[in-house]
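Beneath this line is the structure, given in structure tokens, with notes to follow.
Below, all heavy atoms of this structure are taken into account, side chains as well, without hydrogens, waters or symmetry copies. Since this is a predicted model, take the numbers as computed values, not measurements.
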Amino acid sequence: MEFTKDELTEARRQIGSTLHKLRETAKTLREKNPERCKSQITLAERRIRALEIADRLIEQELTRL
């Protein structure tokens with residue numbers, strides 16, 4: 001599937017925004033009660049990693065264009 005440069009750029013912007021929010025959420029959960037929020041922290045960290053991978057792949061695709 002092919003995407004335009006504008007679509008990829010917008011996708012990166014949206015991923016960046018979501019990453020920022022997720023990082024803040026994970027930080028808040030760690031500060032509140034890390035033991036009680038362990039599953040939410042793990043989920044947030046896994047989502048952060050997945051979005052970082054997606055962002056990197058989009059960056060590579062933009063470089064290729």
Without placing hydrogens or testing angles, list every side-chain donor-acceptor pair under 3.5 Å for residues 42-61, not counting sequence neighbours.
from  : atom 1 : to    : atom 2 : distance (Å)
Thr42 : OG1    : Lys38 : O      : 3.0
Glu45 : OE2    : Arg30 : NH2    : 3.2
Glu52 : OE2    : Arg23 : NH2    : 2.7
Asp55 : OD1    : Arg12 : NE     : 2.8
Asp55 : OD2    : Arg12 : NH2    : 3.3
Glu61 : OE1    : Arg64 : NE     : 3.2
Glu61 : OE2    : Arg64 : NE     : 3.4
Glu61 : OE2    : Arg64 : NH2    : 2.4

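Glu10 and Arg13 are joined by a salt bridge, as a carboxylate oxygen and a charged side-chain nitrogen come within less than 4.0 angstrom of each other.
Applying the side chain to side chain contact (heavy atoms under 4.5 Å, CB included) criterion to Thr28, with sequence neighbours excluded, gives Lys32. Under the side chain to side chain contact (heavy atoms under 4.5 Å, CB included) criterion, Asp6 pairs with Thr4, not counting sequence neighbours.
Through direct or indirect side-chain contacts shorter than 4.5 Å among Ile, Leu, Val, Met, Phe, Trp and Tyr, Ile41 is connected to Leu29.
Contact between Phe3 and Leu65 at its shortest, heavy atoms only, is O-CD1, 4.4 Å.
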